Amino acid sequence: MRLSRSFLPTLRETPKEAEIVSHRLMLRAGLIRQQSAGIYSWLPLGQKVLSNIQRIVREEQDRAGAVEILMPTLQSADLWRESGRYDDYGKEMLRIQDRQEREMLYGPTNEEMVTDIFRSYVRSYKELPLNLYHIQWKFRDELRPRFGVMRGREFLMKDAYSFDIDEASARRAYNRMFVAYLRTFDRLGVKAIPMRADSGPIGGDATHEFIVLASTGESAVFLDKAALDTPVPGDDIDFYGDLTPIVAAWTEKYAATEEMHDKAVFEALPEENRVEARGIEVGQVFYFGTKYSEPMGAKVTGPDGVEHAVHMGSYGIGVSRLVAAIIEASHDEAGIIWPESIAPYKVGLINLKVGDAATDLACDQLYERLTKAGIEVLYDDVEGRAGAKFATMDLIGLPWQLIVGPKGLERGEVELKQRATGDRESISVDAAVAKLLGSS
Ligand code: ATP
Ligand code: MG
């Protein structure tokens, strides 16, 4: 993408309303624009990161055997009356009436709707296990929307729902999502630790929150340092094999949010292993048995010929919150440092002397070569001071900067800078291209 043809509205001033670094950087780098309290437009750079995150989330859901669907944002109140949650949900639910005066709502989550889909089609245990997921906007009228997309009112969530014949197979479904989450967050370049969590209004007895450690996190967390070094399974993992040893390796090390904190257990750890920190919840996995299937009549015939209410779980990932969480975990004074897997572009190509024939030609050729090789390049082809160009590239945090100016070109060289380390080297054009093609 040529900067001259793009739309990258960066801000010079630090916006006053933003209290935490990710919110400040998202506004300054032109990722989002607030439209109402807790409701945002996604500008081109933000939209690219958001869709890169969705791609990875989707790949790992698919790998773990979940099947993608898309349910609407608007739901009928009647469905929620069946589960009893229409009255329970309270003011967080945005309730709407259509022109026929039918009661509708903007979905804060989808257990009821997916249970309705399930009961309409599935009759036999032979069609199980089944896990249906979607990536869709949710609305929760949060009392205090804040920190930008970290706690929005409208936000993008991946939510998956598993259906099984009995508790034992539902626990295997839970483990598949647990492992998929380990892999997803790892690929997104963040360390998210599964922690024992309170089951809250959804209810149920098995749940973990996946939490990214960050000083600005909303929850206090307590963990055994060993949890930070537990390995994440590779892409050869067999999701239908025995996943219990992997889940056990993570869950047997102490890690809990404040609500579930057990001081005695924590204090029994060697002192150097006790980590007290703050964290951001980026995902949660729940097993809640027949809480919805029972009242809503989601039953299948088992091998015994008898009808059983299905055992369910739900599994959320805060897709839009992750953009902010990743920035909280990966930035410096100059700006964002995107992990390569989700960066909006891999390379920022900086033309230091727009209008100089040799520099323009070298940049155009580099842009062409890299783009043809499948590398996403943001090409700064706009006239401006070198200092301002560098500052903008640092702010928006692309993994690599390729800096091209007349002086270097006289020696046949360009400069390649790695954003994360700040390392720069002057190398030939061919060497720079080779290095960018080689790095993953
Ligand atoms: P929280 O405790 O932060 O309010 P929650 O536990 O109510 O979140 P879940 O129902 O578990 O949220 O939703 C799944 C995921 O969606 C959460 O793990 C979180 O990452 C994300 N999420 C929840 N609420 C918001 C919000 N208001 N803004 C952005 N993301 C959110
Ligand atoms: Mg949660």
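Keep in mind the model is a prediction, meaning the values are calculated, not measured. We count ligands from 1, going down the list as the structure has it; atoms in each ligand are counted the same way.
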Using a distance-only test with no angle check, is there a side-chain donor-acceptor pair under 3.5 angstrom linking [X] and [Y]?
| X | Y | value |
| --- | --- | --- |
| Thr207 | Gln284 | yes |
| Tyr254 | His261 | yes |
| Asp62 | Tyr133 | yes |
| His308 | Tyr125 | no |
| Asp381 | Asn351 | no |

message: Please classify the Arg151 to ligand 1 contact at 4.0 Å (heavy-atom distances, strictly less than): side chain, backbone, both or neither.
response: both
query: Taking heavy atoms and a distance under 4.0 Å, where does Val149 meet ligand 1: side chain, backbone, both or neither?
result: backbone
field: Of all pairs that satisfy side-chain hydrogen bond (donor to acceptor under 3.5 Å, both in side chains), the ones with a partner from residues 27-47, not counting sequence neighbours
entry: Gln34-Tyr40, Gln35-Ser41
Fit a plane to each ring of [X] and [Y], take the angle between them on a 0 to 90° scale, and name the class: parallel (under 30°), tilted (30 to 60°) or perpendicular (over 60°).
| X | Y | answer |
| --- | --- | --- |
| Phe118 | Phe163 | parallel |
| Tyr106 | Phe139 | tilted |
| Tyr292 | Phe288 | perpendicular |

Kindly list each side-chain donor-acceptor pair under 3.5 angstrom involving residues 178-186, sequence neighbours excluded, with atom names and distances?
residue	atom	partner	partner atom	Å
Tyr181	OH	Lys158	NZ	2.8
Tyr181	OH	Tyr315	O	3.1
Tyr181	OH	Gly316	N	3.1
Tyr181	OH	Gly316	O	3.1
Arg183	NE	Glu60	OE1	2.9
Arg183	NH1	Pro233	O	3.1
Arg183	NH1	Gly234	O	3.3
Arg183	NH2	Glu60	OE2	2.9
Thr184	OG1	Ala180	O	2.6

Within-cut-off N or O pair, [X] and ligand 1, under 3.5 Å:
| X | value |
| --- | --- |
| Arg153 | no |
| Ser320 | no |
| Phe286 | no |

task: Give a yes/no verdict on whether any heavy atom in Asp159 is under 4.0 Å from an atom of ligand 1.
output: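 Contact check Asp159 vs ligand 1: negative.
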- prompt: Under a heavy-atom criterion of less than 4.0 Å, does Thr109 contact ligand 1?
  reply: no
Count, waters excluded, of protein N, O or S atoms under 2.8 Å from the Mg ion (ligand 2): 2
Can you check which of [options] brings a heavy atom nearest to [atom]?
| atom | options | result |
| --- | --- | --- |
| atom 29 (C) of ligand 1 | Glu209, Gln284, Met150, Met157 | Met150 |
| atom 10 (O) of ligand 1 | Glu154, Arg144, Arg140 | Arg140 |
| atom 18 (O) of ligand 1 | Lys138, Lys158, Arg146, Glu281 | Glu281 |

message: Using a 4.0 Å cutoff against the non-hydrogen atoms of Gly318, which atoms of ligand 1 qualify?
response: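 That gives atoms 15 (C), 16 (O), 20 (O), 21 (C) of ligand 1.
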query: By number and element, which atoms of ligand 1 are closer than 4.0 Å to a non-hydrogen atom of Val282?
result: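 Counting atoms of ligand 1 from 1, those under 4.0 Å from Val282 are 18 (O), 20 (O).
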task: Quick one: pull up CD1 in Ile326 and CG in Leu188 and give me the separation to the nearest 0.5 Å.
output: 5.0 Å
- request: Can you sort out the partners of Tyr367 under side chain to side chain donor-acceptor pair (under 3.5 Å), two or more places apart, ordered by chain and number?
  value: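 Testing Tyr367 for side chain to side chain donor-acceptor pair (under 3.5 Å), a comparison that skips the adjacent residues, returns none.
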